[in-house]
Amino acid sequence: MDPEDAGYVCTLTPSALERAKKELNEDPKQRLSQVQALRKWIKEQPHLTSRTDTKFLLAMLRRSKFSQLKARELIENILTAKTMFPEIMSNIDVQDSKLLGFVDKGIFVHLPKPDSEGRRITLFRSGYIDLDDPDFSVVNEIKCNIAIGEMAREEDENICVNGWILVFDCTGFGAKHIARMPLEMHRKMSKIFQDSHPERIKAFHFYNAGAFFEVMMTMVRQFMKKKHQERVRVHETMESLYKVIPMELWPDNYLPDDYKGPSAGSIESLQAAMKKRLLNPAMRAHILEVTSDKYKVDESKRPKDAAANESFRKLSID
């Protein structure tokens, strides 16, 4: 066994393990040999400085359905994006008050329990962004989102198998929120999050989408992969959402006043718990490490027979 894998213990639940075998081509007997093959390839690439820990490599392999070639491409994409957009993707410190503002205001809400299929659920409430406060910029929003994703994957290995459900509460979302992220920025961010992240996004649910929703979706849809477009659902009422995400998984703020069953608790309690987890010294150190700008692509060292990632080279952040 490679010494780098010595500390790894699989924490997949029985149902997640079954899904990994069936949907992702994961073979527990071959798991670490697959990791070692990918690690060997990384170390042979003079232009790449990448993480090689077991958790990271498994996340890449699971996202790629254990295709070595697709996992290599994903790693190249991630490191290329980090190199091109360091102000967004590198050296993320969760102690930065500009990032914590998104947590404090409940703009990102990571629900504590998965659904019946083990999928984690994150609630986005962009309508609560203070448009007059420069700290609530698109860059800081993306950095906070990345930090929460890194924390979630570090805490729960099952996420990379079962996937994620994204819920967008469009309450208060209007023309000024749309203008906040120009079309070109949408294109760049769609490229980064679809091609440079290990998440398996299983559904996009939009609630309380007003007149501006179609305008926004017209902008965004053209950059979404077909499989993601097919996973978009719009809900006019919470009753419609309860059919796909049971009431007991929701925060109290999204439940009827006369509801007496179990819940996720208040938004305020969830945000306090998330903030505490993010600011845990070990978690802060982990996020700083995995987003470090030392992980990058050095094009000057790329072998001549290895093609550069042209799709990312065409992008730039203004």
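- Note that CH2 of Trp250 and OH of Tyr259 are 12.5 Å apart. Values are rounded to the nearest 0.5 Å.
- Side chains of Thr122 and Trp164: a donor-acceptor N/O pair is present below 3.5 angstrom, by distance only.
- A salt bridge links Glu23 with Arg200; the closest basic N to acidic carboxylate O contact falls under 4.0 Å.
- Between Lys227 and Arg231 the shortest heavy-atom distance is O-CG, 3.2 Å.
- A salt bridge is defined here as a Lys NZ or Arg NE, NH1 or NH2 lying under 4.0 Å from an Asp or Glu carboxylate O, and Lys70 with Glu73 fails to meet this definition.
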- Task: Walk me through it: do Ile165 and Ile245 pass the test side-chain contact (heavy atoms from CB on, under 4.5 Å)?
- Result: CA-CA 10 Å; Ile165 293 176; Ile245 301 175; 4.3 Å; yes
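- One finds the CG atom of Asn208 at 12.0 Å from the CZ atom of Arg125 (value rounded to the nearest 0.5 Å).
- Rounded to the nearest 0.5 angstrom, Ser64 OG and Leu69 CG are separated by 10.0 Å.
- In terms of heavy-atom proximity, Cys160 sits nearest to Leu24 at O-CD1, 4.1 Å.
- Closest of all the heavy-atom pairs between Ile92 and Ala147 is CG2-CB, 4.0 Å.
- Proximity of Glu289 to Lys294: side-chain heavy atoms (C-beta onward) are separated by under 4.5 Å at one or more points.
- Side-chain heavy atoms closer than 4.5 Å link hydrophobic residues (I, L, V, M, F, W, Y) into clusters, and following such links, possibly through other members, connects Leu100 to Ile88.
- Glu155 and His110 form no side-chain donor-acceptor contact under 3.5 Å, judged by distance and modelled atom types alone.
- Here the side chains of Ser266 and Asn253 are in contact, with some heavy-atom distance below 4.5 Å.
- Looking only at distances, a side-chain donor or acceptor of Arg19 sits under 3.5 Å from a matching main-chain atom of Glu117.
- Salt bridge annotation for Asp130-Lys105: absent, with no cationic side-chain nitrogen under 4.0 angstrom from a carboxylate oxygen.
- Atom-to-atom distance recorded for Asp156:CG and Ile159:CD1 is 4.5 Å, nearest 0.5 angstrom.
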- Query: What's the verdict on side-chain contact (heavy atoms from CB on, under 4.5 Å) for Glu141 and Ser126, showing C-alpha distance, side-chain angles and the deciding distance?
  - Reply: CA-CA 10 Å; Glu141 180 181 0; Ser126 297; 3.9 Å; yes
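- By the rule that hydrophobic residues join a cluster once side-chain heavy atoms approach within less than 4.5 Å of another member, Met151 and Val290 end up as members of separate clusters.
- For Asn140, the side chain to side chain contact (heavy atoms under 4.5 Å, CB included) partners at least two apart in sequence or on another chain are Lys98, Leu99, Phe102, Ser137, Lys143.
- No continuous path of hydrophobic side-chain contacts links Ile148 to Val167 [ILVMFWY only; heavy atoms under 4.5 Å].
- Taking both residues in full, the closest heavy atoms of Trp41 and Leu48 are given as CH2-CD1, 3.7 Å, listed atom of the first, atom of the second, then distance.
- Using a 30° and 60° split on the angle between ring planes, His228 and Phe204 fall in the perpendicular class, above 60°.
- A salt bridge is defined here as a Lys NZ or Arg NE, NH1 or NH2 lying under 4.0 Å from an Asp or Glu carboxylate O, and Asp293 with Lys82 fails to meet this definition.
- Considering only heavy atoms from C-beta on, Asn25 stays 4.5 Å or farther from Asp27 through its side chain.
- Listed here is the closest heavy atom pair of Arg39 and Thr54: NH2-OG1, 3.7 Å.
- Remark: Lys176 NZ is loosely packed, at most 12 non-hydrogen atoms of other residues, nucleotides or ligands lying under 6.0 Å away.
- Both Met84 and Val139 are assigned to one and the same hydrophobic cluster, defined by single-linkage of ILVMFWY side chains at heavy-atom distances under 4.5 Å.
- Rounding to the nearest 0.5 Å gives a distance of 8.0 Å between CD1 of Ile129 and CZ of Phe173.
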- Message: Under the criterion side-chain contact (heavy atoms from CB on, under 4.5 Å), I'd like the reasoning laid out for Tyr295 against Thr83: C-alpha separation, chi angles, the key distance, then a yes or no.
- Response: CA-CA 8 Å; Tyr295 299 124; Thr83 304; over 6 Å; no
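- Applying the side chain to side chain contact (heavy atoms under 4.5 Å, CB included) test to Ser300 and every residue at least two apart in sequence or in another chain returns Asp298.
- The side chain to side chain donor-acceptor pair (under 3.5 Å) search around Lys43 returns Glu4, not counting sequence neighbours.
- Here the straight-line distance linking atom CZ of Arg119 with atom CG of Leu249 works out to 11.0 Å at 0.5 Å rounding.
- Contacts of Ala16 classified as side chain to side chain contact (heavy atoms under 4.5 Å, CB included), with partners at least two apart in sequence or in another chain: Leu12, Thr13, Asn158, Val161, Asn162.
- Met238 and Leu255 fall within the same hydrophobic cluster, defined by Ile, Leu, Val, Met, Phe, Trp and Tyr side-chain heavy atoms under 4.5 Å apart, directly or through other members.
- Residue pairs meeting the salt bridge (charged side-chain N to carboxylate O under 4.0 Å, His left out) criterion with at least one partner in residues 235-252, sequence neighbours excluded, do not occur; the list is empty.
- Note on Glu76 versus Arg302: salt bridge recorded, some NZ/NE/NH1/NH2 to OD/OE distance being below 4.0 Å.
- The two atoms that bring Ala264 and Leu270 nearest to each other are O-CD2, 3.3 Å, heavy atoms only.
- Between Phe85 and Ser90 the shortest side-chain heavy-atom distance does not fall below 4.5 Å.
- Evaluation of the side chain to side chain donor-acceptor pair (under 3.5 Å) rule for Lys226 yields Glu230 as partners, not counting sequence neighbours.
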- Query: Stepwise, does the side-chain contact (heavy atoms from CB on, under 4.5 Å) test hold for Ser263 with Met247?
  - Reply: CA-CA 7 Å; Ser263 74; Met247 297 176 79; over 6 Å; no
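- No side-chain heavy atom of Val109 sits less than 4.5 Å from a side-chain heavy atom of Ile121.
- A donor-acceptor pair under 3.5 Å links the side-chain atoms of Gln68 to the main chain of Gln34, judged by distance alone.
- The aromatic rings of Phe124 and Phe168 sit parallel, their planes meeting at an angle under 30°, below the 60° perpendicular limit.
- For the pair Lys40/Ile42, no side-chain contact is recorded, criterion being any heavy-atom separation below 4.5 Å from C-beta on.
- No donor-acceptor pair closer than 3.5 Å links the side chain of Glu150 to the backbone N or O of Ile287.
- Considering only heavy atoms from C-beta on, Arg62 comes within 4.5 Å of Glu26 through its side chain.
- Side-chain polar atoms of Asp5 and Gln36 form a donor-acceptor pair below 3.5 angstrom.
- Between Tyr254 and Leu123, some side-chain heavy-atom pair lies under the 4.5 Å cut-off.
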